[in-house]
Structure formats: structure tokens, C-alpha cells
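Everything on this sheet refers to the single structure shown next.
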Amino acid sequence: MKAVFVTEFGGTDKLRHEDLPMPTLGDGQALVKIKASGVNFIDIYFRTGLYPAPPPVVLGMEAAGVVERVSAGVTSVQPGDRVAYAMARGSHAEFAAVPAWQLVKLPEGISFRQAAASMLQGMTAHYLTHSTYPLKPGDTCLVHAAAGGAGQWIAAAAKLRGARVIGTTSTAAKADAARAAGCDEVINYAEDDFEYQTKKLTGGKGVDVVYDSVGASTWEKSLNSLKPRGMMVTFGNASGPVEPFPPLLLNQKGSLFVTRPSLGHYAANREEIEWRTGDIFRWLLDGSFKLHIDHVYKLSEAGAAQDALASRRTTGKLLLEP
Ligand code: NDP
């Protein structure tokens with residue numbers, strides 16, 4: 001089968017789209033024939049080695065497809081089922097062996113493309129807004145890169161929780177996309193000082209929570225945008241990872257809380273996966289979330305997709321299809 005993988009870390013020139021042996025099924029796994037697979041920033045981290053894994057590293061952390069076969073004892077899915085999953089690496093391929101407990105069946109009306117575009121970023125938005133800092137009416141949140149794949153989902157989920165949503169984006173066109181996704185206000189952080197603007201928009205108070213996927217370049221101003229006892233949720237490294245910092249900083253900036261969460265720990269069991277995907281499929285079906293798929297690439301074009309994502313040219317979701 002064809003797969004996209006690296007045997008040495010580096011740029012997109014290190015990506016290989018070549019034949020690999022079919023995955024072997026382990027206990028509790030199902031073989032999924034991939035119909036569509038999502039492209040995420042985490043694929044770039046595995047390619048560059050920021051997130052280390054032993055080579056060959058097959059990329060891709062989410063997909064939708066059809067169950068081809070299951071290992072002995074698996075009863076939750078069966079051959080022919082339309083399924084989707086996130087957080088099992090190896091989806092940028094024609095087939096993937098996936099732990100059956102991570103698979104959800106697709107409801108009628110949800111396409112492979114919609115599911116592949118929603119599992120990872122939708123569940124991320126869900127856990128950030130419902131679990132990490134459960135937003136409530138009256139809260140104000142700041143969402144960086146609000147026109148991005150994860151950002152649009154977070155803006156929408158935050159709005160559905162009843163919060164006031166301030167987004168940041170780097171262009172006017174992205175600001176429109178962020179507003180359409182659910183942001184009440186959008187700051188162009190390429191032109192304006194987002195800390196100053198956030199303070200201005202909140203009457204000098206600051207926000208209850210910052211959902212920061214950008215990392216290094218926004219870290220300090222994000223902390224400064226929080227109200228006392230606010231929560232800094234640093235969940236990504238699009239501009240590079242955050243440097244180490246002294247805990248005393250959190251005291252000086254207002255007894256702040258900081259967390260660095262990962263979807264894997266918030267989609268840790270069947271109950272959480274069903275809760276989160278149940279909500280995101282409902283939002284897709286009832287129109288609460290308007291999915292924006294930026295581009296669908298061929299599997300062989302994974303490098304072009306990653307380059308587009310890394311160079312900030314995209315809005316919404318990128319997909320690969322075998
Ligand atoms: P996006 O679609 O959000 O793309 C990244 C966006 O980040 C860009 O479009 C850009 O938006 C912004 N950005 C700001 N600075 C930079 C920079 N120096 N280089 C590139 N982009 C920059 O990607 P994803 O939705 O796939 O992922 C966003 C982040 O969220 C990633 O860091 C990812 O790892 C993280 N993430 C974390 C998860 C977790 O559980 N911890 C789960 C899912 C995602 P603009 O031009 O508007 O600034």
C-alpha cells in the first residue's frame with residue numbers, strides 16, 4: 001500500500017510517498033481502508049522530529065474510511081462500517097490499523113470528508129471549551145489563529161458555550177472567516193498589539209482564558225491578556241515551542257494558571273470520545289458549525305499540503321485522499 005512517511009527528519013523534501021507493507025492487525029484493532037485523512041500541524045512536528053518517533057514515521061493522525069477487517073474479539077465495529085478516528089498515527093496511507101475503541105461509526109449524513117476534517121480539531125475544540133477551561137455565559141476567551149483549522153472549531157464551540165469570543169488572525173480575509181466561525185471581535189495581530197486591543201475590548205480587565213495554539217511568539221502577551229486568576233491554555237507550537245519559564249512569573253502576572261494539554265489525554269476512553277464526537281457530529285448536522293475545507297489534496301501531495309499549512313496560507317481544513 002502507498003503511505004506518506006519519513007525515515008529522516010527535516011523539510012517536506014524528506015517526505016516519501018512510497019509502498020510500505022500492509023499494517024498487521026494487533027489485538028483489539030481494526031483495519032481501516034482510508035477514504036480521507038486530515039492534515040494537521042502535528043504532522044509537521046512528526047516530520048521535523050519536534051515530536052520524536054522511531055522511523056519510519058508514517059504521518060497522519062486522523063481519518064475516515066471503511067472497516068476492512070477486525071482482529072479476533074473486536075465486536076464494536078465490523079467490516080463494512082463507515083468509521084472515523086483521531087490520535088492514532090499512520091492515517092496518511094491507503095490503510096491503517098487502528099485500536100477499535102478509538103473508532104466511531106459515522107452517522108447518516110456525515111461524509112468521509114466531513115468526518116476526516118472534524119475528528120481531531122473538533123474534539124480539540126470540544127475538550128478545550130468543555131473540559132480544560134469549561135466556558136460559561138459571561139466568560140470572555142481569546143482564541144489565537146481563529147481562522148485556522150483548530151481555531152474555527154474553538155471559536156464556534158466557545159460561542160455555543162455562551163462565551164464572548166475574541167479572535168486573532170494575521171489577515172483581513174482570515175478575520176472574516178474567524179467572524180463567520182463565531183468570533184465576536186477579531187484582532188489583526190500582524191498589525192495591532194493584541195495585548196493592548198484585548199485589554200481595550202475588556203475594559204482593562206483581561207480575559208478569563210486564552211486558547212493559544214501559536215506558542216512562542218504569542219506566549220508573553222497572552223499571559224498579559226489574562227485577568228487575575230485567568231487560565232493560559234497553551235496547546236500548540238505553530239510559531240515554535242514556548243521556552244521554559246519560572247513559576248514566579250505566574251504570581252507576578254496575577255496568580256495565573258497555565259496548562260499544556262493534549263487531545264490524547266482528553267479523548268482517553270470510549271466515554272469521552274463518544275461525548276465529544278456526538279456533539280461535533282450534531283453541530284455539523286444542525287449547522288451550528290459550518291465546516292470550511294480549504295483544499296483536498298492527493299495523498300502524494302502531502303508535502304504541498306504541509307507547506308501551505310506551515311506558511312500560513314490556509315484557512316480551515318486541509319485533507320488528503322488516497
Ligand atoms: P492551523 O490551521 O491553525 O494553522 C496554523 C495557523 O497558526 C496559521 O494559519 C497562522 O494563522 C497561525 N500562525 C501564527 N504564527 C505562525 C507561524 N509562525 N507559523 C505558522 N503558523 C502560524 O493549524 P492546526 O489547526 O492544524 O493547528 C494549530 C495548532 O494547534 C498547532 O500548533 C497544533 O499543534 C495545535 N493543536 C494542538 C492540539 C492539542 O491537543 N494540544 C490538537 C490540535 C491542534 P494566522 O495567519 O492567522 O496567524
Side-chain angles (χ1 to χ4, degrees), residues 37-48 50-51 59-62 86-87 89 91 116-133 142-157 166-179 181 183 186-192 194 210-219 221-222 232-242 258-268 272-273 276 280 291-295 302 305-320:
S37 180
V39 179
N40 294 284
F41 234 90
I42 195 168
D43 306 322
I44 297 171
Y45 306 145
F46 278 112
R47 186 198 78 220
T48 58
L50 178 68
Y51 291 0
L59 301 181
M61 296 294 280
E62 71 180 330
M87 298 312 276
R89 192 166 45 73
S91 68
S118 304
M119 292 297 289
L120 196 147
Q121 292 165 343
M123 280 205 284
T124 297
H126 195 280
Y127 87 73
L128 292 172
T129 55
H130 290 61
S131 302
T132 307
Y133 182 99
L142 178 63
V143 180
H144 286 312
Q152 289 197 26
W153 275 102
I154 298 166
I166 303 174
T168 61
T169 64
S170 66
T171 69
K174 285 186 174 186
D176 290 342
R179 259 184 226 102
C183 289
V186 181
I187 302 165
N188 183 329
Y189 60 179
E191 289 175 357
D192 282 339
F194 77 80
V210 180
Y211 297 115
D212 189 335
S213 65
V214 174
S217 68
T218 45
W219 164 253
K221 284 180 181 292
S222 291
M232 172 66 177
V233 184
T234 172
F235 71 99
N237 334 288
S239 69
V242 171
V258 173
T259 181
R260 195 350 180 148
S262 167
L263 173 58
H265 301 125
Y266 282 90
E272 283 187 333
I273 290 176
R276 303 196 196 288
I280 63 177
L291 182 65
H292 176 72
I293 297 178
D294 184 282
H295 198 80
Q306 289 190 9
D307 282 336
L309 188 60
S311 59
R312 304 171 82 160
R313 294 200 302 271
T314 65
T315 301
K317 188 70 191 178
L318 306 180
L319 292 177
L320 301 181

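One-based numbering, in listed order, for ligands and for the atoms of each. Computation of the quantities below employed the complete heavy-atom set of this structure, encompassing side-chain atoms and omitting hydrogens, waters and symmetry-equivalent molecules. Please read these numbers as outputs of a predicted model, since none were measured by experiment. We number each residue from 1, following the sequence as shown.
Residue-ligand proximity, Val214 to ligand 1, at heavy-atom distances under 4.0 Å covers atoms 14 (C), 15 (N). Near Leu263, the atoms of ligand 1 lying under 4.0 angstrom from a non-hydrogen atom of the residue are 39 (C), 40 (O). Applying the 4.0 Å criterion to heavy atoms of Gly236 picks out, from ligand 1, the atoms 32 (O), 35 (C). Here is the list of ligand 1 atoms found below 4.0 Å of a heavy atom in Asn40: 26 (O). Per-residue contacts place Gly149 under 4.0 angstrom from the following atoms of ligand 1 (heavy atoms of the residue considered): 1 (P), 2 (O), 3 (O), 25 (O). Each of the atoms 25 (O) of ligand 1 lies under 4.0 Å from some heavy atom of Ala150. For ligand 1, the atoms closer than 4.0 angstrom to any heavy atom of Ser239 are 17 (C), 18 (N). Of all atoms in ligand 1, numbered sequentially from 1 with element shown, those under 4.0 Å from a heavy atom of Thr169 are 47 (O).
No side-chain heavy atom of Thr132 sits less than 4.5 Å from a side-chain heavy atom of His265. Contact check for Asp212 versus Met232: side-chain heavy atoms found under the 4.5 Å cut-off. Counting only heavy atoms from C-beta outward, the side chains of Tyr266 and Arg276 approach each other to under 4.5 Å. Taking the side chain as every heavy atom from C-beta outward, Ile154 and Phe235 approach each other to under 4.5 Å. For the pair Gln152/Leu291, no side-chain contact is recorded, criterion being any heavy-atom separation below 4.5 Å from C-beta on. Residues Trp153 and Thr129 form no side-chain contact, since every pair of their non-hydrogen atoms from C-beta on lies 4.5 Å or further apart.
When only modelled atom types and interatomic distance are considered, Asp43 and Gln306 share no side-chain donor-acceptor pair under 3.5 Å. Side chain to side chain, Thr168 and His144 meet the donor-acceptor criterion of an N or O pair below 3.5 Å.
The backbone N or O of Val214 sits less than 3.5 Å from a side-chain atom of Ser239, completing a donor-acceptor pair. For the pair Lys317 (side chain) and Gln121 (backbone), a donor-acceptor distance under 3.5 Å is absent. Thr259 places no side-chain N or O within donor-acceptor distance of the main-chain N or O of Val233, the cut-off being under 3.5 Å.
Counting only heavy atoms of the protein, atom 24 (P) of ligand 1 lies nearest to Gln121 NE2, 3.6 Å. Of the protein's heavy atoms, Tyr45 OH, 2.7 Å lies nearest to atom 32 (O) of ligand 1. Closest protein heavy atom to atom 20 (C) of ligand 1: Ala310 O, 3.3 Å. For atom 4 (O) of ligand 1, the closest non-hydrogen atom of the protein is Leu309 CD1, 3.6 Å.
The aromatic rings of Phe41 and Tyr45 lie tilted to each other, with the angle between the two planes from 30° to 60°.
In Thr315, neither the side chain nor the backbone holds a heavy atom less than 4.0 Å from any atom of ligand 1. Here His144 has no heavy atoms under 4.0 Å from ligand 1, in either its backbone or its side chain.
Between Pro261 and ligand 1 there is a heavy-atom distance shorter than 4.0 Å. Between Ser262 and ligand 1 there is a heavy-atom distance shorter than 4.0 Å. Look at Arg260 and you'll find a heavy atom under 4.0 Å from some atom of ligand 1. Under a 4.0 Å heavy-atom criterion, Tyr127 is in contact with ligand 1.
Here's the thing with Gly151: none of its N/O atoms is less than 3.5 angstrom from an N/O atom of ligand 1.
Distances from atom 44 (C) of ligand 1 to the heavy atoms of Phe235, Phe41, Tyr189 show the closest one on Phe235. Here the shortest heavy-atom distance to atom 12 (C) of ligand 1, taken over Ala145, Gly38, Ser170, belongs to Ala145. When the heavy-atom distances from atom 29 (C) of ligand 1 to Ser213, Gly148, Ala267, Ser311 are ranked, the shortest goes to Ser213. The option from Met123, Lys174, Lys317 that lies nearest to atom 11 (O) of ligand 1, judged by heavy atoms, is Lys174.
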Is there a side chain to side chain contact (heavy atoms under 4.5 Å, CB included) between Arg312 and Lys174 once you walk through the steps? CA-CA 10 Å; Arg312 304 171 82 160; Lys174 285 186 174 186; 4.0 Å; yes

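Residues passing the side chain to side chain donor-acceptor pair (under 3.5 Å) test with Asp294, sequence neighbours excluded: none.
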